[in-house]
Amino acid sequence: MEPLPADRSHLELIRLFMISSEPGESLTARMHIFALDEAPDYSAVSYCWGTQLPTASLTVFPQVHEWYQIGITQSLNSILRRISEVCPARWLWVDALCINQANEEEKSHQVSLMKSIYERAGSVYVWLGGTDLKGMDLHERPSPRPQEASCEDSWGNNDVFIVPDTGHSTSSAPHSPEVPGAEPFRVRGMTQTHWHKDHVASKRHADHLVRILQRVAADEDKWWDRLWVIQELAVAKTCYVFLGSFIISWHAFVITLTTNWGSTKSIYRIPFLQSLPGLQTLRDNVWRFHSCRLKEWGEDLQVILRKTEGQRYSDERDRIYAILGLSSKTVRNSIPVDYQTSLAEVFATAASHLMRTKGGMDVFFDWPRRIDAPRRSESQALPSWVPDFRLPQWDGDQRGFYRMGRYYAGTHDRLSSQYQQRVYVKRRELQLPCCYLDTVEEVAYNIGDLIREGEGRGTSDFEQVYRVVLPRLREVIIAGVERSPLPDDPVGDLDRTGFLKTLCFGHDVWNFLKQIDMEMFGQMIEAMFDAMDRGLNHCAAKESMGPELSSHAPPFQAMLEHFFGRTSQRSLFATRHGFVGSASNDILKDDIVVVPIKASTPVVLRQAMSLPIQTTVNPAFTLVSDSYVHGVMEGELMDLANSGSVLVESVTLI
């Protein structure tokens, strides 16, 4: 491949090529290098690479160097032949051909230009594939070769065209029904009467389109599964979908697939689509992509990461690189594209950006993370503090504690301005200023196991909490409060309210659920604790739970559903000096609890037993979990730090 000039720092250079093909002969292309600002009108192709190996070849004639051949997949071969038939004299940009994939430096430079390349293209061709069915005679006459290179200009205001796949160059999509060889299959203004049984041609075309869609939806490698295509579509000026013999404007394609099929007023209604296997997934993705094209996603990196979950990519670093074009300029400047860096460095850079823009490390707990330190042999392993962006964000109540209420554990104006978190990407370390709170001494059963234990006994939801869950949890709380508190302990004696607040993560226990009668709820909780104090929790399951409790069982069901959802993946713990809290089920005895500066909640750390080779700080810690700790959630420890009673220290997370 002809190399791009070595000194290109002041230019945005791209390669463009023009295809020529003859029936039965291999494809040839002439390739030129242009400055992006001075490039001729061109079209960029959006397609699915797939998992195919190269089985065809393309002969390339560059500007200066001698010709060469490049291996291409059968899918790409079909794309190029099809485009050369409908738009032969057209400059094209295809990533597999216009980027030297073996040159990491060039690849990094070109990928950083991807947004501009698709943004400045005259049009983007979305290749969905779909071959025509044998024996389906849609066209009786071949089309003449085109007289102009700008094929889209001749397509006029028509939304859908049927262009025959004849194996040789044809018309560049005609501008009127009179041009032989291809029919403008107008969708704009179409009503249901167009599908009347007397309109045989239209009915035939609709059936044909449905069958092609059915084949495309059944393919293993689907265009809409690929992560890169979202950016390619979102920034395009004009977009056309290639689907078998059909060339469809993106607007018509969206409305055709997403219109309510049951409505008799649907102006884009194509019959039988509702019975197409796999169509719902196709519809959902097309509408999701279209909402991105309409700029409804915004430019926030965290939102875009959530919107693009489940998309496929071949290089794991592309989980971040492929969505930079959808993000703000600030994000793109913060995360440079460099394929010579490791996955851990790319994700650490993205995490650092989120921490700066979101005001702290709270956002890290919206994703799964590894909690052990990377071993020396794991050069690609993620540090414990870096979210694994390859995995979906936690849903609902499994997300960070900071989303469950208004907490200010690490919030203090003076301390926040004085102490800053620092990320060292190359060493994959996070220097975290924080205040030490205490060391974990005891951990309760995780609540999910307790619930399953109650289910095994065949008890009701109410009796599970009454006879199994609360007594076990209370054991560890009592063990905590029996210890001597610190001299300046902001918690003091932990009463029933403190215990309930820990279970409910600080929410006012008497206003925990608006739909429950608050007076009855309060009486129920008090009756439950009175019963436990009298030892009734040791009664056999078959015995009555007592009149003071049974009357409260119905309203308790709504609270249980909310409570179980929030606590099923969490455990209660007690520290050496009497603090009690809730954290993830990964917490262990001897973990330490600290309150980071700027964080909404305390976090749990664990000293690393072995250090990665790039880490020299000892001790270093791994990030285990965020937590709720009764008595320090409103900045009490920060007030002590501001007065000098508690030290602010910097710990190294790996």
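The figures here come from the full heavy-atom set of this structure, side chains too, leaving out hydrogens, waters and symmetry mates. Along the sequence shown, the residues carry numbers beginning at 1.
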Please test Ser582 against Phe573 for side-chain contact (heavy atoms from CB on, under 4.5 Å), starting from the C-alpha separation and ending with a verdict.
-> CA-CA 6 Å; Ser582 176; Phe573 64 87; 5.5 Å; no

Check step by step if ring pair (Phe, Tyr, Trp, His ring centres under 6.0 Å) holds for Trp394 and Phe365.
-> CA-CA 8 Å; Trp394 293 121; Phe365 300 104; over 10 Å; no

Stepwise side-chain contact (heavy atoms from CB on, under 4.5 Å) test for Trp224 and Val286 | CA-CA 7 Å; Trp224 55 86; Val286 165; 5.8 Å; no

Show your working on side-chain contact (heavy atoms from CB on, under 4.5 Å) between Gln421 and Leu430 and close with a plain yes or no.
-> CA-CA 7 Å; Gln421 299 105 336; Leu430 170 61; 4.0 Å; yes

Apply side-chain contact (heavy atoms from CB on, under 4.5 Å) to the pair Ser627 and Thr601, showing each step before the final yes or no.
-> CA-CA 6 Å; Ser627 66; Thr601 65; 5.7 Å; no

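Side chain of Ser352 to backbone of Ala348: no donor-acceptor contact under 3.5 angstrom is found. Remark: the backbone N or O of Asp219 is paired with a side-chain donor or acceptor of Lys222 at under 3.5 angstrom. Side-chain atoms of Gln311 come within 3.5 Å of backbone atoms of Arg226 as a donor-acceptor pair (strictly under, hydrogens ignored). Formation of a donor-acceptor pair under 3.5 Å by the Asp591 side chain with backbone atoms of Ile587 is not found in this model. No donor-acceptor pair under 3.5 Å is formed between the side chain of Tyr407 and the backbone N or O of Ala599. The backbone N or O of Leu623 sits less than 3.5 Å from a side-chain atom of Ser384, completing a donor-acceptor pair. The backbone N or O of Gln393 lies less than 3.5 Å from a partner atom in the side chain of Glu309, making a donor-acceptor pair. In this structure, the side chain of Thr622 engages the main chain of Ile371 through a donor-acceptor pair within 3.5 Å. Of the possible donor and acceptor atoms, one in the side chain of Arg369 sits under 3.5 Å from a partner among the backbone N and O of Val624. With Gln420 contributing its side chain and Ser416 its backbone, the two residues share a donor-acceptor pair below 3.5 Å.
In this structure, the separation between CG on Leu382 and CG on Leu343 is 5.5 Å, given to the nearest 0.5 Å. Expressed to the nearest 0.5 Å, how far CG of Leu305 lies from CZ of Arg319 amounts to 5.0 Å. Going from atom CG of Leu92 over to atom CG of Leu80 covers 7.5 Å, rounded to the nearest 0.5 Å. To the nearest 0.5 Å, the span separating CG on Leu243 from CZ on Arg215 amounts to 11.5 Å. For the atom pair Leu653 CG and Arg428 CZ, the distance stands at 15.5 Å (nearest 0.5 Å). Atom CG of residue Asp362 and atom CZ of residue Phe401 lie 12.0 Å apart, to the nearest 0.5 angstrom.
In this structure, Ile212 and Phe246 have side chains that are in contact, with non-hydrogen atoms separated by less than 4.5 Å. In this structure the side chain of Val45 reaches within 4.5 angstrom of the side chain of Ile79, judged on heavy atoms. The shortest distance between side-chain heavy atoms of Ile14 and Gln110 falls below 4.5 Å. Residues Asn103 and Lys107 form no side-chain contact, since every pair of their non-hydrogen atoms from C-beta on lies 4.5 Å or further apart. A 4.5 Å side-chain heavy-atom check between Val423 and Glu429 finds every atom pair outside the cut-off. In this structure, the side chains of Val603 and Val594 come closer than 4.5 Å at one or more pairs of heavy atoms. You'll find the side chain of Trp297 reaches within 4.5 Å of the side chain of Thr308, heavy atoms only. At a threshold of 4.5 Å between non-hydrogen side-chain atoms, the residues Val331 and Glu299 do not count as touching.
A salt bridge does not link Arg306 to Asp300: none of the charged nitrogens lies less than 4.0 Å from a carboxylate oxygen. Using a cut-off of 4.0 Å between Lys/Arg side-chain N and Asp/Glu carboxylate O, Glu106 and Arg15 are scored as salt-bridged. A salt bridge is defined here as a Lys NZ or Arg NE, NH1 or NH2 lying under 4.0 Å from an Asp or Glu carboxylate O, and Asp413 with Lys598 fails to meet this definition.
For Tyr313, there are no ring-ring contact (aromatic ring centres under 6.0 Å, His included) partners at least two apart in sequence or on another chain. Partners of Trp367 by ring-ring contact (aromatic ring centres under 6.0 Å, His included), not counting sequence neighbours, listed by chain and number: Phe389. Scanning for side chain to side chain contact (heavy atoms under 4.5 Å, CB included) contacts around Glu220 gives an empty result, with sequence neighbours left out. Looking at residues two or more places apart in sequence or on another chain, you find a side chain to side chain contact (heavy atoms under 4.5 Å, CB included) between Asp221 and Cys48, Thr51, Arg312. In terms of the side chain to side chain contact (heavy atoms under 4.5 Å, CB included) criterion, residue partners of Ser116 (sequence neighbours excluded) are, by chain and number, Leu36, Arg120. Residues that satisfy the ring-ring contact (aromatic ring centres under 6.0 Å, His included) test with Phe289, not counting sequence neighbours, are Trp223.
Met638 and Cys435 get closest at one heavy-atom pair: CE-SG, 3.6 Å. Nearest heavy-atom pair across Ser600 and Met633 is O-CE, 4.3 Å. The minimum heavy-atom distance linking Leu13 with Ala35 is given by the pair CD2-CA, 3.7 Å. In terms of heavy atoms, Ile230 sits closest to Arg288 at CD1-NH1, 4.4 Å. Nearest heavy atoms, Val632 versus Pro602: CG2-CG, 3.9 Å. Of all heavy-atom pairs spanning Leu588 and Val443, the tightest one is C-CG2, 4.2 Å.
Under the 3.5 Å distance criterion, with hydrogens and angles disregarded, a donor-acceptor pair is assigned to the side chains of Glu232 and Ser46. In this model, no donor atom of one side chain and acceptor atom of the other lie less than 3.5 Å apart for Ser108 and Gln340.
Between Trp250 and His290, the angle of the ring planes lies from 30° to 60°, which puts this pair in the tilted group. A parallel orientation is assigned to the rings of Trp49 and Tyr47, their planes being inclined by less than 30° (bins at 30° and 60°).
Around atom CD of Glu119, more than 12 heavy atoms belonging to other residues, nucleotides or ligands sit under 6.0 Å away. In the displayed structure, Arg422 atom CZ is contacted under 6.0 Å by at most 12 heavy atoms of other residues, nucleotides or ligands.
A cation-pi contact, defined as under 6.0 Å to the ring centre and within 45° of the axis, is absent between Arg317 and Phe347.
Taking the six-membered ring for Trp and the full ring otherwise, the centers of Tyr321 and Tyr339 sit less than 6.0 Å from each other. Under the 6.0 Å cut-off for aromatic ring centres, Trp93 and Tyr118 qualify, their centroids lying closer than that.
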